[in-house]
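See structure below.
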Amino acid sequence: MNTEYITWDRERGYGEGERERAAQILRRGGLVAFPTETVYGLGGNGLLPAAAAKIYAAKGRPSDNPLILHISSPEELPPLVRRIPEAAGKLMETFWPGPMTLIFEKAELVPRETTGGLDTVAVRMPEHSGARELIACAGVPVAAPSANLSGRPSPTSAAHVREDLDGRIDMIIDGGSVGIGLESTIIDLTEEVPVILRPGAITEAMLAEAIGEVRLDAGLAGRESGAPPKAPGMKYRHYAPRAEMTIFEGAAEAVTERINRLAREYPADKVGILASEETRERYPHGQVVTAGSRAAGTIGKGLYGALRTFDHLGVEVIFSETFSGERDSEAIMNRLRKAAGHRVETLTGK
Ligand code: TXA
Ligand code: MG
């Protein structure tokens, strides 16, 4: 398949007739990758079972992993769900459009192929105006998982999407680098107390302030609980670079010292080190990649790109600093731990 490329720009929007062309591909059951404020999505018509099948095939994703329906305005929600709990109203008012996905009991209209066979459906209204214009123009809810091959880090630029999906989908909309870089916060509203299934830029504290009580999914709260995560996608090995990665937690100096000691056991071109702008100079031996700046709060935005860079460098092993304490640290550390297959070494002492 020949993949068509078009561009969207914050000032100029879409080129003449291009939004309509992209929307028509979606309506007719084709696949279009588009930018959102979190990560790039791989869009298909959310009401067509055949479109869901194409999405799973293009990504190489297991078809029991449900898709998020993207809408362009809150009025598009009622036909998709059986009821809208009170907490949902408050959350939508406070955080939509934005990086928040809500899970409801699904209406008949939504095919089970889209929801991975579940009776519930995930819905999000993105903030990105290019995304919303596209959805509005398509006139259907747009089912969109992250636009990466299954198991690879989510794409935060059109170049990442091309790397994974060129030739496998109809169109890629290049809207430059995304703003947030980590996927939306997911909240399950089908329980008595709303449950966070995936941490994101909308934090537990922000949610609690808006609606009072929220809980963390047992599978997130601590791996010790042994409970399986409730969002099916959270159980798969995910966001993973090809090399084995270990995260080092502890005081900054102890982390630097330990990473440097281990790094010297490898040829410099075969060892990757994940650091920040503030700490990159501390590592004389190895391929140092920075996710972003701690001070500027850009670690989340650069994390997935950094993981992809390690693949291009062809390193055999990766040692990562910890980023707890930074902006979006809950979401950053959740993704980083998964990328590391939960290999975390905690350093004690000085
Ligand atoms: O920021 C985002 O949410 C991005 C952009 C494109 O909007 N999308 C995204 O989709 O991250 P995806 O498919 O990569 O991740 C969706 C997650 C999966 O872990 C899936 O299992 C979970 O949401 N999910 C979807 N529907 C669900 C449902 N009905 N119940 C529980 N979990 C659900
Ligand atoms: Mg994904």
Side-chain angles (χ1 to χ4, degrees), residues 32-44 46 52 55-56 58-71 80-82 95-107 110-128 130-132 134-135 141-156 160-161 164-165 173 175 178-191 194-202 217 219-220 228-240 300 304 328 331 334-335 338-339:
V32 176
F34 61 98
T36 82
E37 70 277 19
T38 57
V39 299
Y40 274 73
L42 173 55
I55 290 176
Y56 290 120
K59 275 181 68 86
R61 176 178 188 153
S63 59
D64 67 342
N65 193 353
L67 307 173
I68 296 174
L69 289 185
H70 294 66
I71 59 177
L80 306 176
V81 303
R82 280 186 50 195
F95 300 114
W96 273 4
M100 177 184 75
T101 297
L102 299 177
I103 294 180
F104 302 88
E105 288 166 29
K106 81 168 195 70
V110 180
R112 281 217 163 63
E113 284 80 358
T114 302
T115 66
L118 298 176
D119 291 324
T120 55
V121 61
V123 185
R124 171 162 115 81
M125 176 180 167
E127 185 275 333
H128 195 287
R132 262 187 296 142
L134 173 67
I135 299 161
V142 175
S146 48
N148 52 285
L149 285 174
S150 191
R152 299 220 63 210
S154 293
T156 52
H160 296 162
V161 180
D164 283 11
L165 298 176
I173 302 173
V178 301
I180 295 174
L182 300 169
E183 305 86 343
S184 62
T185 306
I186 302 180
I187 302 135
D188 184 359
L189 296 172
T190 66
E191 307 266 342
V195 185
I196 300 173
L197 302 186
R198 180 174 72 183
I202 308 292
D217 180 43
L220 277 181
K230 197 176 167 198
M234 301 293 279
K235 73 177 182 244
Y236 298 107
R237 182 162 185 265
H238 230 177
Y239 319 115
Y304 287 141
D328 291 341
N334 169 266
R335 309 306 195 273
K338 277 145 120 337

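Whatever order the structure lists ligands and atoms in, that order sets their numbers, starting from 1. Keep in mind it's a predicted model, so treat the numbers as computed, not measured.
Close approach of ligand 1 to T38 (heavy-atom distance below 4.0 Å) involves ligand atoms 1 (O), 2 (C), 4 (C), 5 (C). Close approach of ligand 1 to E183 (heavy-atom distance below 4.0 Å) involves ligand atoms 1 (O), 2 (C), 11 (O). Near I68, the atoms of ligand 1 lying under 4.0 angstrom from a non-hydrogen atom of the residue are 3 (O), 8 (N), 9 (C), 10 (O), 16 (C). Of all the atoms in ligand 1, the ones that sit under 4.0 Å from a non-hydrogen atom of L118 are 28 (C), 29 (N), 30 (N). Of all atoms in ligand 1, listed by their number and element, those nearer than 4.0 Å to a heavy atom of S184 are 1 (O), 2 (C), 3 (O). For ligand 1, the atoms sitting less than 4.0 Å from at least one non-hydrogen atom of N65 are 18 (C), 20 (C), 21 (O), numbered in the order shown with element in parentheses. Listed by number with element, the atoms of ligand 1 under 4.0 Å from a non-hydrogen atom of G41 are 6 (C).
The parts of S146 lying near ligand 1 are both backbone and side chain, judged by heavy-atom distances below 4.0 Å. Residue-level proximity to ligand 1 for M125 is absent, since no heavy atom of it falls below 4.0 angstrom.
Which of T120, I186, L197, T101 comes nearest to atom 23 (O) of ligand 1 through a heavy atom is settled by distance: it is I186. Remark: among candidates P99, P155, P145, P66, the nearest residue to atom 12 (P) of ligand 1 is P145, based on non-hydrogen atoms. The option from V123, T115, I103 that lies nearest to atom 31 (C) of ligand 1, judged by heavy atoms, is I103.
Within the structure, the closest approach of K106 to ligand 1 does not fall below 4.0 Å when heavy atoms are considered.
One distance of note links CZ of R335 with OH of Y304; it measures 4.5 Å at 0.5 Å rounding. To the nearest 0.5 Å, atom OG1 of residue T120 and atom CG of residue L102 are 12.5 Å apart. Between atom CG of residue L189 and atom CD1 of residue I103 there is a gap of 8.0 Å, rounded to the nearest 0.5 Å.
Not a single N or O atom of K59, backbone or side chain, sits closer than 3.5 Å to an N or O atom of ligand 1. Note: an N/O pair closer than 3.5 Å links H70 and ligand 1 by distance alone.
No hydrogens or angles considered: nothing links the side chains of R198 and T101 as a donor-acceptor pair under 3.5 Å. Looking at E183 and S146, their side chains never bring a donor and an acceptor atom within 3.5 Å of each other.
Remark: side-chain polar atoms of N148 are not paired, donor with acceptor, to backbone N or O of P155 under 3.5 angstrom. With hydrogens and angles disregarded, a donor-acceptor distance shorter than 3.5 Å links the side chain of Y40 to the backbone of G175. In this structure a side-chain-to-backbone donor-acceptor pair under 3.5 Å is missing from R112 to D119. At least one donor-acceptor pair closer than 3.5 Å links the side chain of R124 to the backbone N or O of G98. Counting only distance, with no hydrogens or angles, the side chain of E37 and the backbone of E127 share a donor-acceptor pair below 3.5 Å.
Backbone or side-chain N, O or S atoms of S154 do not reach the Mg ion (ligand 2) at under 2.8 Å.
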